[in-house]
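So the structure is just underneath, and the comments pick up after that.
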Amino acid sequence: MKKSEDIDQSVKGMVSIVGAGPGDPELITVKGQKRIATAQVILYDYLLDEQLLAGAPSTCEIICVGKRSGLHSQEQSVINALLVRYAKQGKRVVRLKGGDPFIFGRGGEEVKTLRTQDIPFEVVPAVTSALGAAASLQNSLTHRERASSLIFATGHEDPEKGAPTIDWKHLHIPNSTLVLYMAMKHLPTIVEQLLKAGKSKDTPVAIVQWATMPQEQKLISTLDRVVDAIEQSEISSPAIVIIGRVLDLVHHDAS
Ligand code: SAH
């Protein structure tokens, strides 16, 4: 049965904004995989496992537009312009993004551009990396005995916004799990502020780098020790940081 929100796939010149999932190429959705298989142009992010692109037609033009540390990322405006240009050429464009397109992924800005330009588009959601990390830890983020709310926050706000808008003391919420994206660089400051806000020193913290991928690394620590533990390990970005009592339930062989 065709759902009303499904875009007519015979339309020429359209964009599918597709979430690729957390890393393991098998964790993309069936719909996402189908869009790759019929794409004429794919614009993809650096963090993605390139195996995902193996299902693209041999004639498909595949362009990496993503961030890579040390190299300049393509400006979002350049990506937006490419989406518009290819769609206006009548191409079936796939904008393949890490995790879910709408979780700290600038999918909203791409949607705004496509709407303004009257270009037909759809959004294909996906498993966000926080959920990939929780699966790797085999740990619920909302275990009923430990957390009744779950917060996704970024540790790295858009520098163009000027002063940070997150006041970390407000994110110290009892009975809650805090999940941080892009937080490795500023973790010492974030930890310091959470401790100052009264979060207990022994609150468990888990870091999962490259969640669901073969090179995955995990570290389990506590709020007062995690910064040192990271320094003594090889773990770094891209990583998800999970803070909360739900991690009391983590199996230690998952670390
Ligand atoms: N839209 C993406 C997030 C983009 S922001 C999503 O839904 O997952 C980029 C950040 O996501 C990284 O800095 C890191 O914090 C996190 N991330 C993405 N892929 C990851 C992975 N495989 N393992 C751990 N963290 C990941």
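This structure is a prediction, so every number in the text was calculated from the model and none was measured. Every heavy atom of this structure was used, including side-chain atoms; hydrogens, water molecules and symmetry mates were not. Read the numbers this way: they start at 1 and go in the same order the structure lists the ligands and their atoms. Index from 1, following the sequence.
- Taking the six-membered ring for Trp and thresholds of 30 and 60 degrees, Y181 and F152 have ring planes more than 60 degrees apart, a perpendicular arrangement.
- Panel note: side chain E216, backbone T212; a donor-acceptor pair is recorded below 3.5 Å.
- Between the CE atom of M182 and the OG atom of S129 there is a distance of 8.5 Å, given to the nearest 0.5 Å.
- Between G98 and ligand 1 there is a heavy-atom distance shorter than 4.0 Å.
- The protein heavy-atom contact nearest to atom 23 (N) of ligand 1 is A211 N, 2.7 Å.
- Of the candidates S129, G107, G19, P125, it is S129 that places a heavy atom closest to atom 17 (N) of ligand 1.
- Closest to atom 14 (C) of ligand 1, if we only count protein heavy atoms, is A239 O, 3.4 Å.
- Nearest non-hydrogen protein atom to atom 7 (O) of ligand 1 is T128 OG1, 2.6 Å.
- Taking the side chain as every heavy atom from C-beta outward, L223 and K199 approach each other to under 4.5 Å.
- Heavy atoms of P22 found under 4.0 angstrom from ligand 1 belong exclusively to the backbone.
- Heavy atoms of T212 found under 4.0 angstrom from ligand 1: none, in either backbone or side chain.
- Around CD of E109, the count of heavy atoms belonging to other residues, nucleotides or ligands within 6.0 Å exceeds 12.
- Atom CD of E234 has 12 or fewer heavy atoms from other residues, nucleotides or ligands within 6.0 Å.
- At least one heavy atom of P238 sits closer than 4.0 Å to an atom of ligand 1.
- No N or O atom of G99 sits closer than 3.5 Å to an N or O atom of ligand 1.
- Set against the non-hydrogen atoms of V208, the atoms of ligand 1 under 4.0 Å away are 24 (C).
- When only modelled atom types and interatomic distance are considered, Q209 and S237 share no side-chain donor-acceptor pair under 3.5 Å.
- Taking all atoms of both residues into account, the shortest heavy-atom contact from I220 to A206 is CD1-CB, 3.8 Å.
- Close approach to I240 involves these atoms of ligand 1, each under 4.0 Å from a residue heavy atom: 24 (C), 25 (N).
- The N/O atoms of F104, backbone and side chain alike, include none that comes under 3.5 Å of an N/O atom in ligand 1.
- Partner R146 forms a side-chain contact (heavy atoms from CB on, under 4.5 Å) with one of L141, T177, V246 and no other, that one being V246.
- Of all protein heavy atoms, the one closest to atom 1 (N) of ligand 1 is I103 O, 2.7 Å.
- On a distance-only criterion, A130 and ligand 1 share no N/O pair closer than 3.5 Å.
- By the 4.0 Å N-to-carboxylate-O rule, R225 lies too far from D228 to be salt-bridged with it.
- The single protein non-hydrogen atom nearest to atom 13 (O) of ligand 1 is M182 CG, 3.1 Å, given as residue, atom name and distance.
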